[in-house]
Amino acid sequence: MLSTIIYRSCPEQGMDADSLNKIVAHSRHKNERVSVTGILLYDGTHFFQVLEGPVDAVNRVFDRISGDARHYQIVEIMRDYAPSRRFGKLGMETVDLRDYPQENLLLALLQKSTINTQFGYDDRVLKFIKAFIAGRWRHTLVPQQQIVATRFITEEVTFKLADDASHQPCQFAMQPIIDAVDKQVVALEALIRSPQGGSPEAFFAALSGEQLYTTDLQSKRYAFELAKKIDLGRTSISVNLLPMSLITVPNAVEFLLDEIARCGLVPQQVIIEITESEMISRFDEFEIVIRRLKSAGLVLAIDDFGAGYAGLSLLARFQPDRIKIDRAIISNVHKSEARQAIVRAIIECCSSLEIEIIAEGVEQPEEWHWLDAVGIRYFQGFLFAKPQLNGVGKVTYPLESSMQ
Ligand SMILES: Cc1cc2nc3c(=O)[nH]c(=O)nc-3n(C[C@H](O)[C@H](O)[C@H](O)COP(=O)(O)O)c2cc1C
């Protein structure tokens, strides 16, 4: 099976023709030995490389290239499979785009290729090459900066620490959702834990059927009590609920409203997080619950957006107040053109619909930097704060945001 990887990167300063020729000669030799071919384009500011060959060999070469300090901001553009090579003549063709007038570029590249042009013009690789030559990708570029630890500040929070709650049927760990522009905690997500502090899976594993939904709903009482104990103030609290708990447990919304009031909270500061895949399966019934939650003033968020199968079609039927982009899309977003394109589309869509976006699962400064540059200001993840049982841990904020 032939695999293809395309990436784009920026050369480190001081990349002259000599250095480039050395890379190309070395690459050609190394690639030929493992049956990898391709082309390396350079336009004076960026590299664009196509690598093709056996899956393992291409992966190994790309891994090596990704760790090479002579270039940075390496973004994977495409990873795909094909029946034949587009550049099958040499271990590595190369073209400095500045050596050709724009109108002759494509022809020059095609002459180096082994593409069967009778079938090849619809090929995505060729389309990516044309897009690179035309420079259409440039407007989406996020300026690269050295992301160093000194660009972040860690602060203690003002919330109290509640007593151990292992005598309860469940406990909660609080994880802050931060506003990276105003440097403040805007909400705390209450994450369920077993009485021993174990994971949500450990807590729910022993439950089934109706018991699962009743326990899920009733557990929120302890989340709201914890909010009171830690002195939540005007900050919001986010709780996860299975849609089926709201649909099947009688008077579920009334129960939530009673508990919210009993703990001195107001509905407007309570966010109900629902996972998209669970939501769509009984949407008609869930729509009735949505109406009641919204009329009571509660805030609705779709959790793990992009992880399920509903995605944009769910947004067509129902627009929540917030969406939380799933960690699988956020993870390594700075290195992946596909993830970047998806996040941009979500931003565009949510901005038209006035839906607030939270990026969850942010762990690396580079992920935050990219997301900040495209306009996301609310974040959750280990980079900013870890969940803490019965309280709130320290919070780290970026010192500057591109939105300031
Ligand atoms: C823009 C760029 C493209 C490269 N392309 C290739 C390549 O196609 N094949 C390859 O083996 N090395 C390539 N390299 C070099 C690798 O990153 C790495 O330095 C080299 O494979 C290590 O070889 P060695 O194990 O012989 O030292 C490239 C480096 C850069 C900066």
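In each ligand, atom 1 is the first atom listed, and ligand 1 is the first ligand listed.
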Novice: Decide side-chain hydrogen bond (donor to acceptor under 3.5 Å, both in side chains) for Thr37 and Arg86; before the verdict, give the C-alpha distance in whole Å, the side-chain angles of both, and the deciding distance to 0.1 Å.
Specialist: CA-CA 9 Å; Thr37 57; Arg86 286 82 168 189; over 6 Å; no
Novice: To the nearest 0.5 Å, tell me how far Phe128 CZ sits from Arg136 CZ.
Specialist: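 Rounded to the nearest 0.5 Å, the CZ-CZ separation comes to 10.5 Å.
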Novice: Say you draw a straight line from OG1 of Thr235 to CZ of Phe159; how long is it, rounded to the nearest 0.5 Å?
Specialist: 3.5 Å
Novice: Closer than 3.5 angstrom, by distance alone: can the side chain of Asp326 be matched with the main-chain N or O of Ile329 as a donor-acceptor pair?
Specialist: no
Novice: May I ask you to check whether Phe62 and Tyr7 place their ring centres under 6.0 Å from each other?
Specialist: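 Yes, close enough.
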Novice: Taking all non-hydrogen atoms of both residues, which atom of Lys89 and which atom of Gln111 are closest, and how far apart?
Specialist: NZ-O, 2.8 Å
Novice: Could you please provide the protein residues found below 4.0 Å of ligand 1 on a heavy-atom basis, arranged by chain and number?
Specialist: Tyr7, Ile23, His26, Ser27, Lys30, Asn31, Phe47, Gln49, Leu51, Val61, Arg64, Ile65, Asp68, Arg70, His71, Met92
